[in-house]
Number of protein chains: 2
Amino acid sequence: MHKEHNLTKNQQIIFDLIDKSPEPMKAYSILFNVQKKGIKAPLQVYRALDKLVQIGKIHKIESRNAFIACHNSSCQVAKATAFSICEICEKVTEISSAGLSKYLANFKDKDGMKYSKYNLEFFGLCKKCR
Amino acid sequence: MHKEHNLTKNQQIIFDLIDKSPEPMKAYSILFNVQKKGIKAPLQVYRALDKLVQIGKIHKIESRNAFIACHNSSCQVAKATAFSICEICEKVTEISSAGLSKYLANFKDKDGMKYSKYNLEFFGLCKKCR
DNA sequence: AAGTTAATGTTATAATATAACACTATGTAA
DNA sequence: TTACATAGTGTTATATTATAACATTAACTT
């Protein structure tokens, strides 16, 4: 569940674009798409992306350097993320599994260390590509 | 458990360097360190890294664009990796937990999809930094 | 010895991301 | 309502990470 943040103009433009995209978007592809709206420089994009990630409106898919909108109301603001990634078509889906998130949130390593955050990426073939 | 691969000269040089490093190494830092051994170009480094990742001798820490040697004899050749990362000192440790790897290897999503591979990164503060 | 596959060396360039600085907008508190 | 702090903007330049393309060499296979 997202605390409401009032997005600024740039943040809103970039969030809307990512939110409408059926697939993760890369920073320079975002840049290309918003140039007609007056966002001209990479830094403007990266700044908006940083903020959107911070507040949990989008997530970064680390293995792909790409960004998707968060559609998981149970995800704890960028603190606990899990994705499935198809290695053929590159489709990415956010996983929301109560069991998984509970298991990982409570995971302790050998030293009893608990973690404040995690990111999990599963790879395989999606239905279509199998 | 690693199948034995005969590393080539470049692969061996680069593996040795990473293996001796107490922390993950970045590609261009590797390049800098092996230039005296005759490896002059980024591509030579990236090619060796690709191969080493493929055969499971090293892993890439995706959130850091850095590489560490695999010290986990139970890790299934780059198919199932988990790390803890300290957000202050950036210390990275490979996690080997039979419970965790069993849980993740058997994880199925809502559609019953099983995955052939995963990568998990936990973030928090290490003992020293707490 | 010929064919195949993997690795190398090299130059160039693509793709991803941040530094630094001057300026503007917004919210908060006296 | 002014002044202060904080966050966001616009801009130029540059750093960092990664791959394309091509000619060559090494190693393995039959």
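Below, chains carry the letters A, B, ... as their sequence lines are ordered, and counting in each starts from 1.
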When you check the phosphate oxygens OP1 and OP2 of [N], does a side-chain N or O of [X] lie under 4.0 Å from one of them?
X	N	answer
B:Lys40	C:dG9	no
A:Asn10	D:dG10	yes
B:Thr8	C:dT8	yes
A:Gln44	D:dT9	no

Length of the [atom1]-[atom2] vector between [X] and [N], whole Å:
X	N	atom1	atom2	answer
B:Leu7	C:dT8	CG	P	10 Å
A:Lys51	D:dT9	NZ	C1'	14 Å
B:Gln11	C:dT8	CD	C1'	11 Å
A:Asn6	C:dA25	CG	P	18 Å
A:Gln12	D:dG8	CD	C1'	15 Å
B:Leu31	D:dT16	CG	C1'	12 Å

Exercise. Between A:Leu52 and A:Ile39, is there a shared hydrophobic cluster once you connect ILVMFWY residues whose side-chain heavy atoms come closer than 4.5 Å?
Worked result: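 Same hydrophobic cluster.
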Problem set entry | Same cluster (ILVMFWY, side-chain, under 4.5 Å), A:Phe122 and A:Val92 | no
Exercise. Is it true that A:Glu87 and B:Lys117 have a side-chain N and a carboxylate O under 4.0 angstrom from each other?
Worked result: yes
Problem set entry | Carboxylate-amine/guanidinium proximity below 4.0 Å for A:Lys91 and A:Glu23 | no
Expected rows: protein N/O vs nucleotides 15-21 of chain C N/O, under 3.5 Å:
from	atom 1	to	atom 2	distance (Å)
C:dT16	OP1	A:Lys26	NZ	2.5
C:dA17	OP1	A:Lys60	NZ	2.7
C:dA17	OP2	A:Tyr46	OH	3.1
C:dA17	N7	A:Tyr28	OH	2.8
C:dA17	N6	A:Tyr28	OH	3.1

For this session: Could you tell me whether the side chain of A:Ile18 reaches within less than 4.5 Å of the side chain of A:Leu49, counting heavy atoms only?
Result: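 Yes - at least one pair of side-chain heavy atoms lies under 4.5 Å apart.
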Exercise. Between the side chain of B:Gln12 and the main-chain N/O of B:Lys9, is any donor-acceptor distance below 3.5 Å?
Worked result: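 No; judged by distance alone, with no hydrogens or angles, the pair does not exist.
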